[in-house]
Amino acid sequence: MANKTFNLPDLGEGLPDATIVKWYVKEGDTIRLDDNLVSMETAKAVVDVPSPVSGKVLKLAGGEGDVIVTGHMLAEFEIDPNAPQRAEGQDTGHHHGGAPAPAAPAPAPAPAAAKSEDAGTVVGAMQVGDSVHAEAAMSVGGVKAVPAVRAMARKLGVDIARVRASGPDGVVTMDDVKRAAADGSAKPGAAMAQRAVDAPMAASAPLQQRSTLSQAGKPMRTQPPGVAVTGQPEQLKGVRRNMARVMADAHAQVVPTTLVDDADLHAWIGKQDITSRLVRAIVTACKTVPALNAWFDGANLTRTMHPQVDIGIAVDTDDGLFVPALRNADMLDGNGVRAAIKRLRAQVEDRSIPSGELSGYTISLSNFGMFAGRYATPVVVPPCVAIVAAGKLSHDVVAVIGGIEVHRRIPISLTFDHRAATGGEAARFLKALLDDMASPN
């Protein structure tokens with residue numbers, strides 16, 4: 001019988017790798033065409049990858065938490081000639097962006113020196129010969145679990161710190177979380193006091209041993225990290241891994257300039273939703289100065305102006321930053337904006353948001369002021385030209401004709417790519433936004 005090596009296809013728009021969340025089969029199992037093979041976490045979503053063939057599973061590339069590089073081996077099969085198979089070159093219909101990655105034959109053995117060089121230039125677990133360099137799941141708060149498992153725990157209302165781990169090296173798996181949700185053994189907040197009582201006394205020993213003075217009573221010098229470390233470096237995965245790449249690329253490419261001012265809300269009538277008003281104000285500013293509702297290609301020095309306004313809404317999560325797109329914001333009223341943002345946030349929290357909803361926006365909004373902070377220098381992510389950031393609402397003393405008044409104001413920061421827009425265009429954009437925010441309704 002013929003064997004087939006299945007390489008990890010591109011599960012997003014040029015995503016370089018993905019993390020194994022859960023295998024649906026084990027080596028030696030029989031699987032049919034298009035049955036779920038593995039659940040993979042990318043920087044954008046958790047995706048089920050179907051089997052490309054019917055047959056016997058001969059080899060799986062790694063375990064839960066391992067990072068597989070796009071285009072590298074994911075699984076190897078022994079094809080069953082009597083079972084349904086896909087015709088050669090036929091589209092599977094299961095790729096998630098770009099052209100589907102074709103299954104390639106097993107690569108020819110490379111010289112040992114070349115192997116060593118390749119292994120040093122790829123971040124993450126990857127296949128090298130017949131072995132996979134495994135990585136531990138991300139450890140947060142003393143609990144080891146991949147981000148997708150943490151997201152599932154939040155969705156099911158499970159305190160992941162109380163889940164009994166069955167994975168290797170104490171890793172909490174998806175099955176562990178689902179089992180805890182079913183039997184109710186890890187409800188959040190149920191046993192905080194008991195957890196403190198059960199904590200081993202030895203855990204406090206390192207704290208008792210620490211001192212600012214040496215045994216001779218002299219000030220203690222801090223040792224360099226290479227001498228003594230209390231923590232272990234952890235490989236970034238999933239969303240945080242992609243965020244690191246995107247931010248580094250943006251920093252290297254964009255020529256950022258930031259303008260700041262305050263939006264005066266004193267004239268507002270009744271209680272109004274601030275995020276909805278910010279969205280409406282951005283739409284108004286985009287219509288007034290279209291140069292900032294655009295994409296810029298620095299390599300070819302081209303600019304694309306957009307007739308519609310799709311706003312990327314920054315959503316902060318424990319796993320990292322998501323920016324889902326609020327599509328056609330210029331056609332939505334206040335209720336439509338609130339409903340759409342609520343839907344996007346819910347999809348981000350349970351990691352069900354389609355990868356297509358995390359790209360293609362024309363301008364961005366960061367409402368960081370809901371936590372703290374007044375002004376910022378938010379990062380413009382290419383190909384976008386601008387991002388608006390709203391700081392914390394405050395009550396400020398404002399000088400008016402004949403005296404002073406206390407007004408509610410929101411600090412606004414606008415960062416734009418100075419390669420694609422002028423300072424005058426940015427200033428006019430900011431003025432149009434402030435004027436719309438100041439209107440009563």
Side-chain angles (χ1 to χ4, degrees), residues 6-25 36-51 60-75 94-98 101 122-127 132-140 143-156 158 160 163 165 167-169 171-178 234-246 315-324 344 346-359:
F6 178 48
N7 295 339
L8 177 65
D10 183 358
L11 301 179
E13 298 176 353
L15 295 176
D17 50 44
T19 303
I20 298 172
V21 175
K22 176 183 179 181
W23 287 105
Y24 292 108
V25 295
N36 284 337
L37 173 67
V38 62
S39 177
M40 302 291 294
E41 181 187 24
T42 72
K44 298 182 177 181
V46 176
V47 179
D48 283 337
V49 178
S51 173
L60 301 177
E64 294 182 5
D66 288 348
V67 175
I68 305 299
V69 178
T70 300
H72 285 244
M73 190 200 86
L74 184 60
H94 294 283
H95 54 276
H96 296 266
V122 178
V123 177
M126 63 171 287
Q127 183 189 6
V132 171
H133 294 275
E135 295 175 334
M138 184 182 300
S139 177
V140 178
V143 179
K144 291 183 178 180
V146 298
V149 172
R150 296 180 186 277
M152 179 60 70
R154 289 193 296 271
K155 180 180 179 181
L156 298 179
V158 170
I160 197 168
V163 175
D169 298 324
V171 174
V172 177
T173 67
M174 194 72 75
D175 288 338
D176 294 337
V177 170
K178 292 179 180 178
E234 296 175 355
Q235 187 66 58
L236 294 182
K237 299 180 182 179
V239 181
R240 287 189 182 275
R241 188 182 182 93
N242 187 65
M243 179 180 70
R245 291 193 182 104
V246 170
V315 178
D316 178 66
T317 75
D318 292 340
D319 298 330
L321 179 67
F322 286 80
V323 187
L344 292 173
Q347 289 179 328
V348 165
E349 288 174 359
D350 62 18
R351 301 300 296 274
S352 64
I353 189 165
S355 60
E357 295 297 322
L358 295 170
S359 61

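Below, each value reflects all heavy atoms present in this structure, side chains not excepted, and no hydrogens, waters or symmetry copies.
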Asn7 vs Pro9 side-chain heavy atoms within contact, under 4.5 Å: no
Asp175: partners by salt bridge (Lys or Arg N to Asp or Glu O under 4.0 Å), with sequence neighbours left out: Lys22
Side chains of Asp319 and Thr317, donor plus acceptor under 3.5 Å: no
CG on Asp176 to CD1 on Ile160, rounded to 0.5 Å: 9.0 Å
Spatial distance of atom CG (Leu60) from atom CD1 (Ile68) [nearest 0.5 Å]: 10.0 Å
Verdict with supporting geometry, Val239 and Arg351, side-chain contact (heavy atoms from CB on, under 4.5 Å): CA-CA 11 Å; Val239 181; Arg351 301 300 296 274; 3.6 Å; yes
Evaluation steps, side-chain contact (heavy atoms from CB on, under 4.5 Å), between Arg241 and Asp17: CA-CA 10 Å; Arg241 188 182 182 93; Asp17 50 44; 2.8 Å; yes
Main-chain N/O of Gly63 paired to Asp66 side chain as donor or acceptor, under 3.5 Å: yes
Spatial distance of atom CH2 (Trp23) from atom CE (Met40) [nearest 0.5 Å]: 7.0 Å
4.5 Å side-chain heavy-atom contact, Val315 and Leu344: no
Derivation of the side-chain contact (heavy atoms from CB on, under 4.5 Å) call for Phe322 and Gln347: CA-CA 11 Å; Phe322 286 80; Gln347 289 179 328; over 6 Å; no
Leu11 to Ala18 - nearest heavy-atom pair and separation: CD1-CB, 4.1 Å
Closest non-hydrogen atom pair between Ile353 and Pro324, with its separation: CD1-CB, 3.5 Å
Heavy-atom side-chain contact between Ser39 and Met174 under 4.5 Å: no
Considering all heavy atoms, the nearest Gly320-Arg240 contact: CA-CG, 4.0 Å
Under the side chain to side chain donor-acceptor pair (under 3.5 Å) test, residues paired with Asp316 that sit two or more places apart: none
Spacing of CZ belonging to Phe6 relative to CG belonging to Leu37, to within rounding of 0.5 Å: 7.0 Å
